[in-house]
Structure formats: structure tokens, C-alpha cells
Amino acid sequence: MAQIYRESAEVLGREQIAEGIFSLWLQTEQIAAECTPGQFVSVYCADASRLLPRPISVCEADPEKGKLRLVFRVAGKGTEEFSRLKNGERVQLVGPLGNGFPLEKLAGRKVLLAGGGIGIPPMLQLAKALSRGEKQAAELTAAAGFRDSLFLTEDFAPYCRLLLATEDGSAGTRGTVLDAMREGGAAPDVICACGPAPMLRALKQYTAEKGIACWLSLEEKMACGVGACLSCVCRSAEVDGHSRVKNKRVCTEGPVFAAEEVEL
Amino acid sequence: MAQIYRESAEVLGREQIAEGIFSLWLQTEQIAAECTPGQFVSVYCADASRLLPRPISVCEADPEKGKLRLVFRVAGKGTEEFSRLKNGERVQLVGPLGNGFPLEKLAGRKVLLAGGGIGIPPMLQLAKALSRGEKQAAELTAAAGFRDSLFLTEDFAPYCRLLLATEDGSAGTRGTVLDAMREGGAAPDVICACGPAPMLRALKQYTAEKGIACWLSLEEKMACGVGACLSCVCRSAEVDGHSRVKNKRVCTEGPVFAAEEVEL
Amino acid sequence: MSQNMSVSIAGVVLKNPVMVASGTFGSGIEYSRFLDLNRLGAVVTKGVAITPWEGNATPRICETPSGMLNAIGLQNPGVETFVERDLSFLEQFDTKVIVNVCGHSLEEYLDCVRRLADEKRADLLEINISCPNVREGGIAFGTDPKGVEQITKEIKKIAVQPVIMKLSPNVTDIAQIAEAAEAGGADALSMINTLTGMKIDVRRRTFALANRTGGLSGPAIHPIAVRMVWQCAQRVKIPIIGMGGIASAEDALEMLMAGASAVSVGTASFHDQTTAVRVIDGISAYLEENGIGDVRELTGCVK
Amino acid sequence: MSQNMSVSIAGVVLKNPVMVASGTFGSGIEYSRFLDLNRLGAVVTKGVAITPWEGNATPRICETPSGMLNAIGLQNPGVETFVERDLSFLEQFDTKVIVNVCGHSLEEYLDCVRRLADEKRADLLEINISCPNVREGGIAFGTDPKGVEQITKEIKKIAVQPVIMKLSPNVTDIAQIAEAAEAGGADALSMINTLTGMKIDVRRRTFALANRTGGLSGPAIHPIAVRMVWQCAQRVKIPIIGMGGIASAEDALEMLMAGASAVSVGTASFHDQTTAVRVIDGISAYLEENGIGDVRELTGCVK
Ligand SMILES: Cc1cc2nc3c(=O)[nH]c(=O)nc-3n(C[C@H](O)[C@H](O)[C@H](O)COP(=O)(O)OP(=O)(O)OC[C@H]3O[C@@H](n4cnc5c(N)ncnc54)[C@H](O)[C@@H]3O)c2cc1C
Ligand SMILES: Cc1cc2nc3c(=O)[nH]c(=O)nc-3n(C[C@H](O)[C@H](O)[C@H](O)COP(=O)(O)OP(=O)(O)OC[C@H]3O[C@@H](n4cnc5c(N)ncnc54)[C@H](O)[C@@H]3O)c2cc1C
Ligand SMILES: Cc1cc2nc3c(=O)[nH]c(=O)nc-3n(C[C@H](O)[C@H](O)[C@H](O)COP(=O)(O)O)c2cc1C
Ligand SMILES: Cc1cc2nc3c(=O)[nH]c(=O)nc-3n(C[C@H](O)[C@H](O)[C@H](O)COP(=O)(O)O)c2cc1C
Ligand code: FES
Ligand code: FES
């Protein structure tokens with residue numbers, strides 16, 4: 001069983017990087033050093049009326065310095081609270097959580113990272129991991145789909161080619177991530193994706209048709225974040241070894257699943 | 001009906017003045033200008049799990065600059081939250097609330113201000129009001145009773161003679177406010193008091209025996225703070241005009257009552 | 001887009017579906033400093049009885065996580081003072097007045113209802129058969145379907161104004177109670193009153209409230225209130241006034257969508273005196289943003 | 001001063017009165033990363049049935065003010081896997097194990113209880129007759145006194161381990177249900193399970209939970225739980241395990257003083273995984289500070 005840490009992390013920097021999107025750099029003791037791309041942390045609210053953790057993906061981690069970057073959209077009161085954190089304040093984290101992307105299965109292959117909206121941030125750490133060292137991909141492309149205003153695009157630049165799509169066509173391809181992939185002539189042999197359900201469904205179908213491997217990072221509401229409460233299940237194709245029913249826990253067996261493993 | 005304001009007040013200064021005792025200077029728009037000694041404000045928590053106001057007395061007010069001083073003891077989670085307020089942050093206030101001390105009945109008389117523990121702060125603004133101007137007392141003495149460590153004693157110095165009592169005898173008279181009064185030879189013809197119930201009871205009895213006037217500031221749990229909910233009643237000697245029963249609202253008819261008006 | 005915010009409860013037209021809950025707003029006198037009473041759909045006054053009541057000893061309230069307990073014990077100045085002072089005060093406002101009635105016995109309820117018969121300023125009566133803080137009054141009547149039907153019938157026989165029965169949530173099957181009130185002839189339902197709770201002061205090793213138990217209100221109970229409104233809306237035809245923990249327009253919208261025709265803001269007014277007006281504005285904005293022309297379309301829209 | 005923290009429930013001695021509530025802690029495997037299971041008075045495992053259950057569709061939970069709603073629907077891997085994997089895992093710890101049992105029908109409850117008869121690692125059985133999230137299982141049995149007495153009797157006939165009946169708070173008179181369980185031969189009571197609630201997503205105009213309703217837990221319900229424990233403690237002689245919103249030692253002390261012999265920490269573990277241990281340490285510190293030698297003196301000390 002992998003180690004999971006409960007930490008009070010100091011805020012090193014907070015920045016608004018787009019309309020409603022915030023970036024936080026946090027000083028952790030262990031989490032940044034031990035997390036892998038696609039894993040997430042449970043972030044806890046200081047306000048006592050909000051009990052449950054907010055799962056937020058690792059956007060970047062600096063293992064040497066123990067620094068962790070989270071990028072999130074203000075979606076409700078919890079993320080709104082986080083967006084007001086100031087340097088020097090502390091926030092409770094539990095992590096790293098979940099399985100992350102299967103780096104060993106990606107190394108040496110033509111990988112496309114598909115991120116939609118607030119699913120883009122976890123792709124950044126994955127891009128970093130696959131762009132160098134022993135896990136380097138043979139070819140690395142990222143396709144990012146935005147509603148309107150862009151964010152993190154410059155952060156991807158050093159690591160891979162970046163294809164853009166916007167709903168309104170204000171930047172890159174007008175349309176979805178899939179449209180951007182087609183327009184950009186991407187021909188990956190494996191896709192890693194995180195984003196809204198319709199996008200994941202489209203990618204699952206697309207990769208099934210093309211017969212290419214596909215890994216999807218799913219979202220579900222979580223209470224414990226560590227596999228104990230069975231809040232966060234998704235429907236699995238096969239009976240799951242842990243639950244003995246066709247349910248897998250997004251927080252533990254996921255959030256990353258092989259596309260054929262899950263029903264969306 | 002006196003005006004009551006709901007304000008978001010900026011924290012101008014926060015200071016710990018004794019073990020567990022904090023002083024806050026706040027910038028108000030109207031409250032500091034319109035409050036009288038013995039009135040209080042409802043202070044609201046930022047944490048959404050704590051709904052009810054914390055009643056805190058006016059300790060000092062600078063009407064010209066709109067500055068308000070609150071001095072409070074950390075008694076639970078609400079006051080703990082206030083003790084962590086930083087300069088520039090804001091806190092919700094409603095006030096000024098309650099009746100305050102009857103200055104017109106104190107002017108020109110030999111007044112003793114009796115404060116016990118966290119009942120001392122409201123005596124400071126009263127001392128200021130009675131030490132000069134048209135409401136000046138003929139003679140003004142303050143008697144302050146502390147558990148152990150002293151606070152605000154220097155603040156009283158410019159306005160009146162100060163008699164001290166401590167439970168452990170570490171400063172002033174060993175014992176209660178009444179002991180300090182006796183030892184200090186205080187011979188007031190009216191007493192204004194705020195402090196724990198046993199002290200108020202002792203003063204009620206003492207003044208009744210001596211036949212001197214006495215005004216007591218009471219405490220009770222409050223929900224609305226403005227007279228609507230009937231949470232905060234005390235037993236009154238006579239049927240009250242508002243409630244038509246022998247109950248008076250501490251937040252509205254009080255917190256200051258003539259000693260003979262209430263049962264303790 | 002033109003927008004209808006008005007709703008009708010038993011033939012009484014409210015300018016909007018937002019009122020203030022009995023006992024949390026007095027008769028509005030004190031709150032008129034913070035908000036314009038003319039903005040409210042209705043003012044629901046503090047429970048009143050035929051004679052003055054002293055209420056319970058203090059402490060009468062305490063705070064709990066996202067809520068509070070109260071055991072005021074229905075202190076009230078009696079219906080005579082209420083009519084002279086409170087109803088007269090409310091004359092000047094263009095809002096409906098719902099008078100909340102309590103009693104120690106059926107006779108006391110009936111006497112109070114009778115006394116209010118000629119009062120034009122009382123647009124509706126709300127009968128509190130669910131106060132957990134008074135031994136004989138209230139909750140004893142409110143937890144037994146037969147008792148609820150009976151008291152409703154008796155009151156309906158003599159009431160001049162339409163009658164709203166206020167239900168207790170401290171029951172196994174609230175829809176059954178709602179049906180009983182409907183069968184008794186109630187014109188509408190108010191729900192929910194407070195849930196019975198208790199707090200212990202562990203330092204002093206005593207009950208936090210002099211009355212030992214008290215009624216839990218505030219955001220903490222909102223999910224229970226929404227569930228109960230939804231359950232009853234499936235089973236009765238009379239309109240439901242939903243309350244319990246409403247602190248924002250979103251909370252009120254939940255209540256409407258669950259099946260309420262109107263809502264009351266209670267405990268939240270203690271935290272922010274202007275809550276009711278914020279709720280009205282928020283509902284109106286929601287209609288606007290979602291292109292909904294009539295607030296009544298929201299009632300029971302989630303099925 | 002020497003201090004006794006141990007309590008006995010139906011003859012089973014717990015090293016301290018603090019356990020973790022069923023369904024919020026799995027079988028402890030996941031939480032063993034955050035705290036030492038040997039510290040706990042007992043681990044209460046997630047409800048288990050004779051065969052695997054799929055549970056409800058998602059979303060299964062949502063947050064509410066100082067609480068949450070859940071409608072997991074008693075997903076479980078079935079008693080065989082549970083015995084092999086979970087009970088075996090718990091072998092290594094010096095703590096008591098309370099196995100929470102659920103079923104769709106009386107027969108299913110009995111089959112599961114029978115299957116557990118030979119399992120030495122199961123020190124006590126907790127029978128969940130109060131789950132609001134499964135249509136046939138649970139709550140249907142738990143809200144009718146006669147039904148409660150009946151199911152308790154049947155289970156007691158065959159159970160090898162002492163039996164704790166877990167009560168639903170969604171009733172008019174919980175003390176009546178407690179008496180029925182006692183009359184049926186229950187060795188102890190667990191209370192409270194969750195209160196039925198509902199949340200509506202006003203933006204999407206749907207229920208927030210796939211199951212529509214869910215069970216409310218967390219600090220929001222603590223005052224209701226304390227009241228119910230207190231009410232039942234006045235009426236039954238068997239020990240009560242108190243739960244509902246316990247998040248601190250103070251909350252647990254309230255429950256003990258109201259009449260509980262032990263307590264369970266549930267939802268609070270989601271917020272802080274180490275809550276149960278903090279509660280144990282806090283109770284111990286309270287005894288120390290107040291010169292109380294035995295935690296059992298606290299049970300029902302506020303009258
Ligand atoms: C594995 C995982 C990784 C995620 N990574 C990111 C990320 O990197 N950046 C980002 O902006 N968002 C991410 N999300 C979504 C993020 O968790 C939600 O936006 C956030 O919890 C909303 O909290 P809130 O208090 O602002 O909203 P509210 O709506 O007030 O939240 C109420 C409750 O619902 C839960 N909730 C609401 N939306 C979601 C959601 N989409 N998924 C899961 N729980 C939800 C909250 O955690 C909380 O318990 C991730 C979700 C998951 C499951
Ligand atoms: C008119 C008046 C003036 C006051 N002036 C001062 C002052 O100047 N300085 C100061 O330190 N304290 C003062 N108090 C007491 C102060 O209100 C409480 O100490 C404070 O509310 C405790 O809040 P908490 O959240 O820290 O404690 P908690 O115990 O967590 O509070 C829980 C609830 O109980 C209420 N409560 C707790 N203690 C009291 C109390 N003694 N009186 C009324 N309500 C209480 C709180 O307001 C809150 O609603 C005054 C009280 C009254 C009634
Ligand atoms: C302090 C207080 C006093 C109350 N008095 C009454 C009352 O007199 N009559 C009544 O029917 N309900 C009374 N209630 C119940 C409220 O009207 C309302 O039903 C309940 O508080 C739930 O709504 P809320 O959570 O918005 O407060 C009272 C509630 C509180 C908090
Ligand atoms: C996610 C979740 C799952 C639960 N599952 C069970 C269960 O399987 N069996 C059971 O008897 N109670 C179950 N409960 C109820 C708890 O054991 C407990 O009675 C209730 O949550 C109140 O305590 P709390 O407020 O401390 O959580 C569950 C509660 C939650 C929140
Ligand atoms: S959040 Fe509890 S099992 Fe996944
Ligand atoms: S606090 Fe509401 S009447 Fe005084």
C-alpha cells in the first residue's frame with residue numbers, strides 16, 4: 001500500500017491565470033516528492049461548514065524542493081475559499097492519491113495528451129514526465145480544449161507540441177480537442193485524457209474505432225478520498241477484485257482507467 | 001427607534017493585551033460615531049458553521065475618526081476566530097446595540113465604575129465619558145477585579161482613580177472588586193457595574209443595603225441581538241411593557257438595568 | 001422579459017414567494033431598520049396565544065454546527081397586546097400578514113383564532129401544532145395524524161381567515177401528517193418546524209439549555225426540510241410553505257423545486273438581517289438567467 | 001492518577017469507548033495509514049450482506065452545511081469476501097471488531113448472521129435496520145416497534161455473538177423503538193443512523209443524488225443524536241453506543257454524558273482521518289483535568 005500523507009502545506013504563491021482559474025504553489029513535505037502524474041490531492045477547507053475534501057490533480061511537482069502546483073477553477077464555495085489563500089497561509093492536504101497514468105506503458109510510444117478545460121492541468125506534469133528521462137515518449141503532443149480564455153499554454157511549450165481548440169474559435173481550432181487533433185494531423189498510438197464527460201466519451205469511441213490505447217482520468221464526488229467509503233465508484237466492465245461487483249473506486253483504482261475498463 | 005447599522009469594518013490594529021485577552025481597533029462608518037458607553041455590537045464570524053453573533057461591548061470609541069475598540073477574552077471558537085484577524089481584514093458588525101449607561105443620571109454624582117474580568121472593557125468608555133464635558137461626574141473611581149494578569153489599567157489612568165483587586169493578590173487588593181472598594185475607601189453615591197454574575201449579585205445586595213443607586217450590565221445568549229427573538233431575556237421585577245410578562249430583553253431594554261429592576 | 005414573482009396561498013396573493021419564519025422576526029418592527037418590509041411576500045409573526053406567556057428560563061438558545069437550538073417556550077404578550085401593537089404597526093406596510101397561533105389546549109387555540117376573526121390585518125393564520133419546547137402546546141398535537149385532523153377541523157369550523165397548519169418534522173411519516181391536515185380542511189401547510197435536539201455543556205456538566213431540549217434550526221436542517229417538503233408535495237394538493245435552513249436564493253429555489261409554493265427565511269435572519277431580501281432578489285435573478293417567466297413554474301419542477 | 005478508559009458492551013471489553021462508525025471506515029485497511037488501529041476501542045465494519053451488493057448509482061454523496069448526504073446503497077462484496085479479506089486483515093490488531101450486517105429480507109439478515117457464527121474475529125454484531133438508502137433493507141424494519149422486536153428476536157435466536165441493534169432516527173418516538181429492541185433481547189443499541197435528507201441541484205434542476213434522497217450525517221445532526229441518546233438512556237437498561245456528528249472529544253463527551261456507554265466517529269474521519277484518536281486522547285485529558293478516575297462515571301452523568 002503506497003504511502004499517503006496528511007500535511008499542512010504553506011502557500012508559496014497564488015496567481016489568477018485566467019477568468020476564474022487559479023494557480024497555487026504549495027510547500028509540501030512528502031507529497032510533491034512522491035506523487036506521479038495523474039495523481040491528485042484532497043484539499044480541505046478551513047471553513048468548518050465544509051467537511052469534504054476537494055480533489056485537485058497535481059499540475060506540477062518539483063520533487064527536490066517539495067513544491068506542488070495545483071491549478072483549479074472556482075466551481076463553488078470550496079474552490080472559492082482556496083482562491084483567496086494568501087502567501088504564508090496554510091492549507092490541509094492529503095495525498096498523493098489515486099493511481100496516476102501508467103508511465104511504463106507510455107514510454108517509447110507516440111503519446112497524445114488530451115485535456116479539456118480544467119482537465120488540462122494534470123496533463124502538464126504528465127508532459128514533463130514523458131518529455132525526458134527513462135520514461136520519454138517517442139513522440140509527444142498535447143491537445144488542449146478551452147471554453148474561451150487560454151491558460152497554461154506557455155507552460156506546455158518546453159515539453160511538447162501543443163494543439164489548441166476553443167469553443168468560440170478565438171484561438172486554435174474552433175471546436176473540441178478531437179477537432180484539434182484531426183486538424184493537427186495527430187496520429188498517436190496512445191491517448192491520455194482528462195476533461196468533461198462528453199469529451200472522454202468521444203475519445204473512448206474514437207480510440208476504440210481506431211484500435212489505439214486510451215487512458216481516461218475520471219471524476220466523481222468523494223468523501224474519504226482513500227478508498228473506504230465507496231462514494232466515488234464508476235461502472236466497470238468486469239467485476240472488480242476489491243468490490244466484487246462491477247464498480248471501481250475512482251479515488252483508488254482510478255482516477256486513471258483504461259478506456260475499455262470503464263463504462264461512461 | 002435608534003438607528004442600528006450593519007457594517008463591514010476594517011481591522012486597524014489587533015493586539016494581545018494579556019493572556020487570552022485581545023484588543024481590536026476597527027474602522028466603522030457610523031457605529032463609533034453613534035454609540036454610547038455600555039452599548040455593544042454584534043460581531044459575526046466568517047466561518048459559516050457559526051451563525052450567531054458574538055455580543056461585544058464598546059471599550060473605546062473615537063467618534064470623529066469612526067474608530068471603535070473592542071477588548072475580548074477568547075472564550076470559544078468565535079472569539080478565537082476574532083483573535084486571528086489581521087490588519088486590513090474585515091469583520092461584520094451590527095450596532096450600536098442596547099441602551100448603554102444612563103449618563104444623564106450619572107453626571108454630577110460620585111460615581112464608582114466596577115468591572116470584573118472581561119466586564120472591565122466597557123468601563124473604559126464610560127470613564128472617558130464621565131471624566132469631562134457636560135456629563136462629568138463629581139467624583140470618578142474605577143474598581144477593577146482581575147483573575148491574575150492585569151490589562152487596560154494604564155488606559156484608565158488618565159480618567160479616574162483606579163482600585164485594583166486580584167484573586168491571587170498579585171496586584172492591588174487580594175479578593176474581589178468589593179474588597180478593593182472597601183480597602184480603597186470608596187464612598188460613591190452610584191455604582192455602574194459589569195462582570196460575572198456573582199459580582200453583580202454582591203453589588204446589588206451591597207447597594208441595596210447602603211441605599212445607593214446601582215446600574216448593572218447583564219449578559220445573556222443572543223440570537224438576533226435586536227429584540228426580535230426573545231432569546232436574551234432576564235427576569236424583571238415588574239411586568240415589562242413590551243413583553244407583558246416579567247421578562248426584559250437584555251439586547252434591547254438592557255444590557256444596563258437598574259439593580260432593583262432585575263432579578264439575578 | 002416580464003416576470004411574475006407573485007404566488008397565491010389559499011386565495012391570498014403574495015407579491016413574491018418569500019416570507020419570514022415565525023419567531024425569528026418578531027412582528028418585523030425590529031427588522032424594519034434593516035430591510036423594507038414592503039419587499040416581503042409576507043410577514044409571519046411570532047406565535048401568539050390568548051393570554052401572555054412567560055416562556056422558558058434562560059439560557060434559551062445555543063449555537064450548534066451550522067445551526068442553533070432554541071427553547072424560547074413561546075413567550076408572547078398575548079393576543080390583545082399583539083393586535084393593538086403589532087398588527088397596528090403592520091397596517092402601514094404593503095405586505096401580507098400571517099399570524100402564527102399557539103395554545104396550551106384545543107380551547108386556547110380556538111379562543112385565539114376566534115379573537116383574530118375580525119382582524120382585517122391578519123390575512124392568514126398559521127397554526128403551530130409543532131413547537132417542541134412547550135409541554136402541552138404544540139408538538140403533542142402535531143405528531144399524531146388523528147390529532148392533527150381533529151384540531152384542523154375544529155379550527156376550520158371557526159376560522160375566518162384561511163388556515164395554514166405548521167407541521168413538526170419529529171415524526172416517522174410526515175406525509176401522513178400532511179394528509180391528515182389536508183383531510184381536516186387545512187388550506188395550506190407550513191413545514192418544517194424545528195427538530196428536537198440537545199446540547200450538553202461538558203465543562204459545567206449540565207444541559208446547555210434550561211429546558212434541556214430545544215428546537216434545531218438553521219442550514220444544518222435544510223436537507224431534511226427539502227426532503228420532507230418533497231415527500232409531502234407528492235401526497236397533498238394544498239400549497240406548501242417550505243422552510244428550514246434557508247439562507248440563500250439557492251436554498252429557497254431547492255425548496256420551491258421540491259414542491260413548495262412559497263418559502264420562509266428563519267434563523268438566517270439572525271446571521272444577516274437582510275437575508276429575506278437577498279433571497280427575493282436571487283430568485284428573481286435566477287428566473288431571468290434561466291428564461292423562466294413565472295416563479296410558479298419552479299414549484300415541484302424536480303421530479 | 002490512574003485512569004480507566006475501558007468499557008464493556010454486552011460482556012465484550014473495549015480498551016476505550018471510542019470506535020469508528022460503520023460505512024465510514026471500510027474495514028480499517030485504508031485508515032491504517034493514518035492512525036494505529038490498535039488505539040481504537042473497536043472497528044465497526046461497513047455493512048455486509050450474504051451476497052455482494054452493487055449499491056446505488058452515482059452521485060452517491062453530496063456536501064451540506066456541516067454535514068453530508070450519502071446514498072451508497074450498502075454496496076458490499078458479500079460476507080465470504082468480507083470474512084476472507086477484511087476479518088483476516090483485522091486479525092493482526094488488538095482491537096475489537098463489530099461486524100455491521102444488512103439484508104434485503106429477514107432471511108438475508110439471518111443467513112449473514114449464521115455465516116458469521118463461527119468467526120472468532122467478529123466480537124459483536126451490529127444489525128443495521130435503519131439504512132434509509134435501500135428500499136427493502138434496513139429502514140422498513142427499523143421504524144415500526146413491532147417489526148424491531150420481531151427481527152431482534154429472530155436474530156438473537158441464532159446469533160453466537162452479542163447483538164447490537166442500530167436504530168433509525170427517522171421516527172416519532174425513538175425511545176419506543178429502543179424499548180422494542182430491548183424487549184426483543186438486544187444486548188446493546190447503536191444510534192443514530194442517518195436522517196433522511198435531499199439536495200437539489202438548482203442549476204441542473206435535478207436531484208443532487210442519483211437515489212434522490214440520502215442519509216444526513218456529520219456535525220449538523222449532532223444535537224439530534226445527543227437528544228435521542230438521552231431519551232433512550234432514560235428508558236432502556238442496555239448500553240447505548242452513541243454516534244452522529246462526533247468530531248471532537250467534546251462532542252463525544254456530550255454523548256457519554258447524555259447516556260451513551262461508548263461512541264462512534266463517522267463522517268468526521270472524512271475530514272480528518274485521525275479524528276478517532278484525537279477523540280480518545282481528548283476524553284482521557286478531560287478525565288485527567290477533572291479528576292475523574294473512570295470514564296464510565298461520565299455515562300448519563302447529566303440528568
Ligand atoms: C480526481 C479529481 C481531480 C480533479 N482535479 C481538478 C483540478 O486539477 N482542478 C480543478 O479545478 N478541479 C479538479 N477536480 C474537480 C474539483 O474537485 C471540483 O471542482 C471541486 O471539488 C469543487 O469544489 P467546490 O467546493 O468549489 O464546489 P461545490 O460544488 O461547492 O462542492 C460541493 C462538493 O461537491 C464536490 N464536487 C463538486 N464538483 C466536483 C467534481 N467535478 N468532482 C468531484 N467532486 C466535486 C466537492 O468536492 C464538494 O465535496 C478534480 C476532481 C477529481 C475527482
Ligand atoms: C452585552 C454583552 C456584552 C459583552 N461584552 C463582552 C466584551 O466586551 N468582551 C468579551 O470578551 N466578552 C463580552 N461578552 C461575552 C461574549 O459575548 C462571549 O464571550 C462570546 O460570545 C463567546 O463567543 P465564542 O464563540 O468565543 O464562545 P462559544 O462558547 O463558542 O460561543 C457559542 C455561543 O454562545 C454565545 N456565548 C458564549 N458565551 C457568552 C456570554 N458570556 N454571553 C453571551 N453569549 C455568549 C456566543 O455568542 C455564541 O453564540 C459580552 C456579552 C454580552 C451579552
Ligand atoms: C428563536 C426561534 C423562535 C421560533 N418561534 C416559533 C414560533 O413562535 N412559532 C412557530 O411556529 N415556529 C417558531 N420557530 C420555528 C421557525 O418558524 C422555523 O419553522 C424553523 O426555525 C425552521 O426554519 P429556519 O431553519 O429557517 O429557522 C422558531 C424558531 C426559532 C429559531
Ligand atoms: C458514507 C456512509 C456510509 C455509511 N454506511 C453505513 C453502513 O453500511 N451501515 C450502517 O449501519 N451505517 C452506515 N452509515 C451510518 C454511520 O455509521 C453513522 O450511523 C452515521 O453516519 C452518523 O454518524 P456520523 O454523523 O458520525 O457520520 C454510513 C454513513 C456514511 C456517511
Ligand atoms: S472517496 Fe471514499 S472510496 Fe473513493
Ligand atoms: S437577542 Fe433576540 S431578543 Fe435579544
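First the proteins, then the strands, lettered A, B, ... as listed; each starts at 1. Source: prediction; values computed, not measured.
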Taking atom [atom1] of [X] as the centre, does the number of heavy atoms from other residues, nucleotides or ligands within less than 6.0 Å exceed 12?
X	atom1	result
A:E29	CD	no
A:E89	CD	yes
A:R14	CZ	yes

Contacting moiety of D:T64, where chain A heavy atoms sit under 4.5 Å: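 Looking at D:T64, just its backbone touches chain A.
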
Heavy-atom distance under 4.5 Å to chain A: side chain of D:F34, backbone, both or neither? side chain

Write out, in numerical order, the residues from [range] with a heavy atom short of 4.5 Å from a heavy atom in chain D.
range	value
residues 214-227 of chain A	A:E220, A:K221, A:M222, A:A223, A:C224, A:V226, A:G227
residues 234-248 of chain A	A:R235, A:G241, A:H242, A:S243, A:R244, A:V245, A:K246, A:N247
residues 33-58 of chain A	A:Y44, A:C45, A:A48, A:S49, A:R50, A:L51, A:L52, A:P53, A:R54

Which of residues 75-86 of chain D get closer than 4.5 angstrom to chain A, counting heavy atoms alone? D:Q75, D:N76, D:P77, D:T81, D:R85

Looking only at side chains, do D:R33 and A:Q3 share a donor and an acceptor under 3.5 Å apart?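 No, no side-chain donor-acceptor contact under 3.5 Å.
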
From CD1 (A:I4) to CD (D:Q273), nearest 0.5 Å: 8.5 Å

Between OG1 on residue D:T58 and CG on residue A:L230, distance to nearest 0.5 Å: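 Reported value, rounded in 0.5 Å steps: 12.5 Å.
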
As an exercise: rank D:G26, D:S66, D:G67 by heavy-atom pairs under 4.5 Å with chain A and give me the winner. D:S66

Are any non-hydrogen side-chain atoms of D:T24 and A:C229 less than 4.5 angstrom apart? no

Run the side-chain contact (heavy atoms from CB on, under 4.5 Å) check on A:R249 and D:E30 step by step: do they pass? CA-CA 13 Å; A:R249 297 168 297 182; D:E30 294 82 9; 3.3 Å; yes

